[in-house]
Amino acid sequence: MEAALNRAFPEAADAAVQAGRPLDPQLAPASRPEFGDFQANGALALAKPLRQAPRQIAAAIVAELEADAAFAALCLPPEIAGPGFINLTLRPEVLAEEVSRRLADPRLGVPAVAADAPPVVVDFSSPNIAKEMHVGHLRSTIIGDALARVLEFRGHPVRRLNHVGDWGTQFGMLITHLREVAPEALRAADAVDLGDLVAFYRQAKARFDSDEAFQAASREEVVKLQGGDPVSLKAWGLLCDQSRREFQRIYDRLDIRLAERGESFYNPFLEAVVEDLAAAGLLVEDQGAQCVFLVGEDGQPSPAPPVIVRKSDGGFNYATTDLAAIRYRFAPAPQGDGARRLIYVTDAGQASHFAGVFQVARRAGWVPEGGRLEHVPFGLVQGEDGRKLKTRAGDTVRLKDLLDEAVERAEADLRRRLAEEGRQEDEAFVTQVATTVGLAAVKYADLSTNRITNYQFSFDRMLALQGNTAPYLLYAVVRIAGIARRGGADAGDITGPLVFTEPQEWALVRQLLQFDRVILEVEEELLPNRLCGYLFELSQVFNRFYDQVPVLKAEEPARASRLALCRLTADTLKLGLGLLGIPTLERM
RNA sequence: GGGGCUGUAGCUCAGCCGGAUAGAGCGACGGUUUCCUAAACCGUAGGUCGUGGGUUCGAGUCCCGCCAGCCCCGCCA
């Protein structure tokens with residue numbers, strides 16, 4: 001629809017400006033409903049260069065538009081408003097036809113990219129082995145999954161990579177410590193449970209920070225591990241397996257698919273990374289470490305600390321691993337992923353790290369023509385007191401506990417409602433609804449705010465039944481399902497043209513037809529909250545329609561047209577929520 | 001000290017390439033149910049968009065300064 005308008009507009013615009021200069025019509029969606037569907041603001045900008053009144057310029061453009069048959073078939077006569085805005089309104093029959101088309105289209109009007117599109121890497125979640133997943137992993141996991149779903153729906157081959165922390169100094173610490181306090185954990189699977197492992201890790205970290213002998217032993221252990229010592233490798237493998245199973249429980253619960261490719265995967269490439277950088281003349285030795293110094297936008301040396309790719313003790317660090325990952329992901333198969341876009345979903349605190357690493361990768365020539373390298377930062381999860389979310393005891397909140405509580409609260413809420421309404425439902429229903437609503441609430445609350453700002457976590461707000469929340473959206477789907485159950489099952493076979501008369505119907509039509517634009521925007525901007533905002537508005541518009549316009553009791557042909565609108569609304573909500581990783585319900 | 005992010009209604013947040021009268025939700029106050037799930041809908045009140053300049057026909061949005069909060073800053077990730 002926008003494309004068609006874009007085709008129609010420049011022709012007229014060019015004609016109008018034959019005597020002048022190139023023209024940007026500044027075509028945009030209307031800022032308010034009473035201005036129609038689109039508005040063109042270009043006339044205002046031209047007033048000065050053309051030395052004409054803006055309304056006069058607008059009138060000239062409108063005259064050209066009206067002479068264009070293709071335009072006239074699409075839009076009602078344009079209106080000039082205010083200081084010189086041109087307001088465009090699509091013809092009702094054009095809108096109705098587009099609704100019909102989408103009803104028959106499983107993609108709901110969203111185009112798919114070419115079948116041979118190159119892979120996109122989405123790097124997200126990335127917990128550390130030997131630690132439990134905590135609230136800090138929540139946002140990366142949920143946002144990363146939603147972005148991956150949107151990109152997959154668009155047809156991109158997406159590599160969902162879990163860059164788990166399974167390598168490096170931390171393992172030296174942990175193995176060294178375990179060797180002393182719980183050697184059985186290094187020899188047999190599941191000798192200690194993960195909770196204990198977490199405690200051991202904490203102890204190891206404390207010793208590492210305070211005990212120089214322990215520090216040295218840990219470093220030595222890392223060297224042995226990186227050198228392929230079989231005993232160390234065996235211990236490492238056991239620890240990884242154990243953590244992996246715990247992570248998988250969370251992922252299964254959240255319905256998140258993820259391929260593990262931890263830091264250790266890049267181990268064989270680290271040496272080559274440093275060699276590449278040396279060959280490119282980027283490497284400088286400083287205080288015994290191999291560094292790449294950064295430059296500012298102007299090409300002058302940057303005051304930012306250098307990226308260290310080889311420590312003074314000869315070991316590699318995370319920057320080296322991240323560089324190896326970039327190199328591998330852009331490199332053509334089979335020695336790489338052949339990707340053209342890398343997306344990193346990590347907290348905003350790592351922004352400067354990624355800025356540095358990305359710059360080094362570019363200067364090393366690893367980023368192909370047209371390759372995109374994007375850090376998708378997000379803010380902290382805060383408690384309702386505005387500080388970093390902690391348990392009452394002051395510990396970090398385990399992800400498992402957080403999900404449990406959301407589901408428990410959803411269940412309590414549901415049972416209270418069932419009692420109030422005197423409804424009888426079996427236990428399977430209660431479990432199903434509580435699980436779906438609770439997890440949906442957690443995901444949606446996170447996704448619905450602009451990710452860059454800190455996010456204030458509140459069970460009460462996310463589970464609220466009104467407002468921009470998962471339960472509100474799920475309820476809209478349930479209402480439509482109710483209509484379908486009571487006689488709307490034939491809504492699929494509309495043969496004649498759709499007929500709409502009520503303003504609430506047109507509002508719903510217009511909202512429904514925005515879906516494709518929103519998806520393309522999320523694909524580009526990587527902001528899932530845009531999709532949430534759209535779905536919330538769609539639910540609101542639908543609820544107004546539902547409240548004020550009868551469907552099943554309407555006379556034909558209105559009844560069939562309204563049923564069709566309901567179906568397209570349900571399809572859009574289900575698809576949209578699905579792209580956020582949220583399943584829907586028929587009843588709740 | 002350097003860098004990044006944030007600052008919009010009492011609270012939580014939107015605000016798209018700079019467009020017309022600043023947008024929701026919650027909370028407050030008032031109203032709506034012979035009707036498809038009222039978990040809904042309608043209305044009222046509530047704003048110096050942190051602040052001072054600048055650019056522009058037009059600035060919450062772009063540029064510069066300042067203030068406040070949070071985060072990051074060489075061999076952890």
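Just so it is clear: chains get the letters A, B, ... in the order the sequence lines come, proteins before strands, and each one is counted from 1.
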With respect to the side chain of L44(A), which nucleotide from C17(B), C70(B), G19(B) is positioned closest?
G19(B)

Classify every nucleotide of nucleotides 60-65 of chain B by which part a protein heavy atom approaches to under 4.0 Å, writing B for the base, S for the sugar-phosphate alone and - for neither, in 5'-to-3' order.
------

Does the structure show a Watson-Crick or G-U wobble partner for G19(B), both distances under 3.5 Å? Name it, or say none.
C57(B)

Select base, sugar-phosphate, or nothing to describe what D413(A) touches, counting heavy atoms under 4.0 Å on all strands.
nothing

Looking only at side-chain N and O atoms, does R479(A) come under 4.0 Å of OP1 or OP2 in A38(B)?
yes

From the candidates A39(B), A20(B), A38(B), the one with an atom nearest any side-chain atom of Y546(A) is A38(B)

The nucleotide from A39(B), A20(B), C41(B) with an atom nearest the side chain of F85(A) is A20(B)

Give one of base, sugar-phosphate or nothing for R451(A), where a contact means two heavy atoms less than 4.0 Å apart.
nothing

Quick one, give me the B/S/- string for nucleotides 25-31 of chain B, reading 5' to 3', where B means a protein heavy atom under 4.0 Å from the base and S means that only happens at the primed atoms, P, OP1 or OP2.
SS-----

Contact class for A289(A) (heavy atom, under 4.0 Å): base, sugar-phosphate, or nothing?
base

Give the nucleotide from the list C71(B), A14(B), A39(B) with an atom nearest to the side chain of M588(A).
A39(B)

Contact class for E537(A) vs. all strands (heavy atom < 4.0 Å): base, sugar-phosphate, or nothing?
nothing

Exam field: side chain R415(A) to backbone A410(A), donor-acceptor pair closer than 3.5 Å
no

Could you tell me whether A464(A) contacts a base, only the sugar-phosphate backbone, or nothing, with contacts defined as non-hydrogen atoms closer than 4.0 Å?
nothing

Taking only N and O in the side chain of N41(A), is any of them less than 4.0 Å away from OP1 or OP2 of G58(B)?
no

What's V549(A) touching, base or sugar-phosphate or nothing? Going by heavy atoms closer than 4.0 Å.
base

Looking across every strand, which nucleic acid part, if any, lies under 4.0 Å from D209(A) by heavy atom: base, sugar-phosphate, or nothing?
nothing

Which whole-number value in Å describes the distance from F457(A) CZ to C13(B) P?
13 Å

Given that A348(A) and A28(A) both sit by RNA chain B, which one's nearest nucleotide is further toward the 5' end?
A28(A)

Would you mind telling me which of C36(B), C16(B), A39(B) lies closest to the side-chain atoms of R423(A)?
A39(B)

Quick check for you: among A20(B), C73(B), A40(B), whose closest atom lies nearest to any side-chain atom of P305(A)?
C73(B)

I'd like the C1' distance from G15(B) over to A9(B), given in whole Å.
14 Å

Between A45(B) and C26(B), how far apart are the C1' atoms? Round to whole Å, please.
15 Å

What's N317(A) touching, base or sugar-phosphate or nothing? Going by heavy atoms closer than 4.0 Å.
sugar-phosphate

Rounded to whole angstrom units, what separation is found between the CD atom of Q300(A) and the P atom of G2(B)?
19 Å

Using a 4.0 Å heavy-atom cut-off across all strands, classify N529(A) as base, sugar-phosphate, or nothing.
sugar-phosphate

Indicate the ring-plane relationship of F354(A) and F358(A), choosing parallel, tilted or perpendicular according to the 30° and 60° boundaries.
tilted

What's the closest nucleotide to the side chain of Q39(A) if the choices are A39(B), A20(B), C17(B)?
A20(B)

Expressed as a whole number of angstroms, how long is the span from Y534(A):OH to G15(B):P?
17 Å

Which part of the nucleic acid, if any, lies within contact of Q170(A), taking any heavy atom under 4.0 Å across all strands shown: a base, the sugar-phosphate backbone alone, or nothing?
nothing

NA contact type, G482(A), heavy-atom cut-off 4.0 Å: base, sugar-phosphate, or nothing?
sugar-phosphate

Heavy-atom side-chain contact between R587(A) and E425(A) under 4.5 Å
yes

C26(B) - base-pair partner by Watson-Crick or wobble geometry, distances under 3.5 Å:
G10(B)

Provide the distance between the two P atoms, one in U32(B) and one in C71(B), to the nearest whole Å.
50 Å

Mind checking the C1' distance from G60(B) to U51(B)? Whole angstroms is fine.
14 Å

Applying the Watson-Crick and G-U wobble criteria at under 3.5 Å, what pairs with A40(B)? Answer none if nothing qualifies.
U32(B)

Taking the C1' atom in each of A40(B) and C35(B), what is the distance between them to the nearest angstrom?
13 Å

What does C70(B) pair with, Watson-Crick or G-U, if both distances are under 3.5 Å?
G4(B)

Please report the distance separating the C1' of G47(B) from the corresponding atom of G53(B), rounded so that it comes out in whole Å.
23 Å

Using the side-chain heavy atoms of T453(A), tell me which of these nucleotides is nearest: C71(B), G15(B), U6(B).
U6(B)

Give G533(A) one of three labels, base, sugar-phosphate or nothing, depending on what nucleic acid heavy atoms sit under 4.0 Å from its own.
nothing

C1' gap between U34(B) and A38(B), integer Å
15 Å

Can you figure out which of A40(B), C16(B), C5(B) approaches the side chain of I452(A) most closely?
C5(B)

May I ask you to say what Q548(A) touches in the nucleic acid, namely base, sugar-phosphate or nothing, with a heavy-atom cut-off under 4.0 Å?
sugar-phosphate

Mind checking A481(A) for me? I need base, sugar-phosphate or nothing, with any heavy atom below 4.0 Å counting as a touch.
nothing

Interatomic distance at P, G52(B) relative to U8(B), whole Å:
15 Å

With the side chain of R219(A) defined as its heavy atoms from C-beta on, choose the nearest nucleotide among G2(B), C13(B), C76(B).
C76(B)

What is the separation between atom CG on L465(A) and atom C1' on A39(B), rounded to the nearest whole Å?
5 Å

